[in-house]
Amino acid sequence: MKTTARTAGIALSAVAALLAATSAAAADAGAPGTGTPSPGVAPTDDGAKGLCKRVPKIEKRLKRALERLDGDATQRGSVSRLEKRVANAKKAGHTEIETFLNDKLTFRRSLTPTLQKRQKDLTAVKTWCAANSNGSKK
């Protein structure tokens, strides 16, 4: 019995210490100069430097997503593959499945122009970054 009570006491002490440490860390998270903004505080800049830094990764991700959407019926995530699934559901007489997949297909088709617009916008951002020292403050 004494061992159980001792183990419980140690566990309780450990939990209390952990709670104290996490609450102190949470209080310091929004401290000035730490780089972490406090909730409810307005941003002080537009984040251009960070965006300029991420441009190559964003370009790669957009290109990969568009290639996937434009892929053939063997490509997972492609419009063609989803069209084939809709046709199969219709052929099998599964109207509920067909409706669900058709709605999903409508959304997926709308992604292509959205991603192409983002690609175009990102090209303009890339040009701006090159002309403005990658978003560094002057």
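For the single chain, residues carry numbers from 1 onward in sequence order. Just so it is clear, the structure is predicted and the values come from calculations on it, not from any experiment.
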Review point. Are Glu98 and Arg85 ion-paired here, with the side-chain N under 4.0 Å from a carboxylate O?
Key: no
Point to revise | Spatial distance of atom CZ (Arg118) from atom CG (Leu111) [nearest 0.5 Å] | key: 8.5 Å
Point to revise | Least distance between heavy atoms, Ser80 atom then Gly71 atom | key: OG-O, 3.3 Å
Check your understanding: If every non-hydrogen atom of Ala89 is compared with every non-hydrogen atom of Leu101, which pair is closest and at what distance?
Key -> CB-CD1, 4.5 Å
Exercise for review: Quick one: pull up NE2 in His94 and OG1 in Thr99 and give me the separation to the nearest 0.5 Å.
Suggested key: 12.5 Å
Check your understanding: Counting heavy atoms not belonging to Arg108, are there more than 12 under 6.0 Å from its CZ?
Key -> yes
Review point. To the nearest 0.5 Å, what is the distance between CZ (Arg109) and CG (Leu105)?
Key: 4.0 Å
Exercise for review: Before giving the answer on side-chain contact (heavy atoms from CB on, under 4.5 Å), spell out for Gln75 and Asp72 the whole-Å C-alpha distance, their side-chain angles and the decisive distance to 0.1 Å.
Suggested key: CA-CA 6 Å; Gln75 173 71 42; Asp72 63 5; 4.0 Å; yes
Review point. Nearest 0.5 Å, what's the OG1-CG distance between Thr127 and Leu122?
Key: 9.5 Å
Check your understanding: Any donor and acceptor pair, going by atom type alone, linking the side chain of Ser78 with main-chain N or O of Arg81 inside 3.5 Å?
Key -> yes
Point to revise | Ser110 backbone acceptor or donor facing Thr114 side chain under 3.5 Å | key: yes
Side-chain donor-acceptor pairs under 3.5 Å in residues 53-70, sequence neighbours left out?
from: Arg54; atom 1: NH1; to: Gly50; atom 2: O; distance (Å): 3.3
from: Glu59; atom 1: OE2; to: Lys126; atom 2: NZ; distance (Å): 3.3

Point to revise | Non-neighbouring partners of Asp46 that pass side-chain hydrogen bond (donor to acceptor under 3.5 Å, both in side chains), sequence neighbours left out | key: none
Point to revise | Closest contact, heavy atoms only, Trp128 versus Gly135 | key: CZ3-CA, 3.8 Å
Point to revise | Donor-acceptor side-chain pairing of Ser136 and Asn134 below 3.5 angstrom | key: no
